[in-house]
Amino acid sequence: MPIWLVLALAMTVSCGTVITLASLRRRRRGESETDEEDTSETPDVVEYMIMMIGVVYAIVLGLAIAGVWEERNSAAEWVRLEAQALHEVHERVAAYPEEVREQVRGDVDAYVAHTVGTEWPRMTEHGELSPRGDALLDRVREQVAGFEPAGTLESHAYQGLVDQVAAAHEARTARSQSAGTTMPGLVWFGLLSGAVVVVGMIFALQIRRNGRELLLAGLFTALIAFLLFLIWAFDAPYARGLSESTEPFLALFPQAAPG
């Protein structure tokens, strides 16, 4: 199901539920179409508590959005760094002898092709990297680190290549840590419970069931649903939050594009 359709359904269902419950409450109490409730009956202490609950939930919601947004940006940056490091290895190995150069470039191309075509779907579906990818990147490291420079140019290129392979390993490890969801289940419980409480405050404040206030109640509920959806989408950066996650690899290694 497209992610935009999930958002539309979530907002529509939540908004419709609140409006329906508010309308049913009115009918059960036997109110006529023109009657209005006396909202002055709400005690001041209740209004104060409701205000504090709303403020606390807004702070928690804002922190959650900021956290998953930062994680999303970090995930995108690690992919870019991994692709860039591999590209540097692919280019800098030109200083090596032809046999070694072609071997290293072939291993880099094999790793990128596996990452884009095979490992990425596995990572987005199961939240883990493949052992085959580890083996391919280890082979690149062995080829680079195992070479003995014979001249000045090769010696200068050697350390840079070793550093770039280490950077690719670091980026891959970070990508592995961001492959699954980042928001703990306990936090999700708090966010969903808080949403129920905050939306329930609409009824605690004795909202009048006229068209204007029902519209505001529906928009408020849709906003809460949208913010929770935003957190859910960015909670798994590679699976939902990044639509073009493999773009850095394909930009630097266009030959790795599937079929």
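Note that the structure is predicted; figures quoted are calculated from it, not measured.
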Residues in side-chain contact (heavy atoms from CB on, under 4.5 Å) contact with Arg92, at least two apart in sequence or another chain: Glu88, Leu161, Gln164

Working for side-chain contact (heavy atoms from CB on, under 4.5 Å), residues Phe253 and His90: CA-CA 10 Å; Phe253 299 92; His90 193 277; 4.1 Å; yes

Ring pair (Phe, Tyr, Trp, His ring centres under 6.0 Å) between Tyr96 and Phe147, intermediate numbers included: CA-CA 9 Å; Tyr96 279 19; Phe147 176 73; 4.1 Å; yes

Test item: side-chain donor near acceptor, Glu128 and Ser176, under 3.5 Å: no

Heavy-atom side-chain proximity of Leu136 to Asp107 below 4.5 angstrom: no

Side-chain touch Val162/Val144, heavy atoms, less than 4.5 angstrom: yes

Any side-chain heavy-atom pair of Trp232 and Met183 under 4.5 Å: no

Residue pair Thr115 / Leu129, side-chain heavy-atom distance below 4.5 Å: no

Distance-only polar pair, side chains of Asp163 and Gln159, donor-acceptor under 3.5 Å: yes

Donor-acceptor pair between Glu119 and Ser130 side chains, under 3.5 angstrom: yes

Side chain to side chain, Arg175 and Tyr238, heavy atoms closer than 4.5 Å: yes

Pairing residues for Ala95 by the side-chain contact (heavy atoms from CB on, under 4.5 Å) criterion, not counting sequence neighbours: Leu153, Ala157

Taking every non-hydrogen atom, the tightest pair across Ala83 and Leu252: O-CD1, 3.5 Å

Val55 with Leu63, same ILVMFWY side-chain cluster at under 4.5 Å: yes

Set of ring-ring contact (aromatic ring centres under 6.0 Å, His included) partners for Trp188, sequence neighbours left out: none

Contact check, side chains of His114 and Trp120, non-hydrogen atoms, under 4.5 Å: no

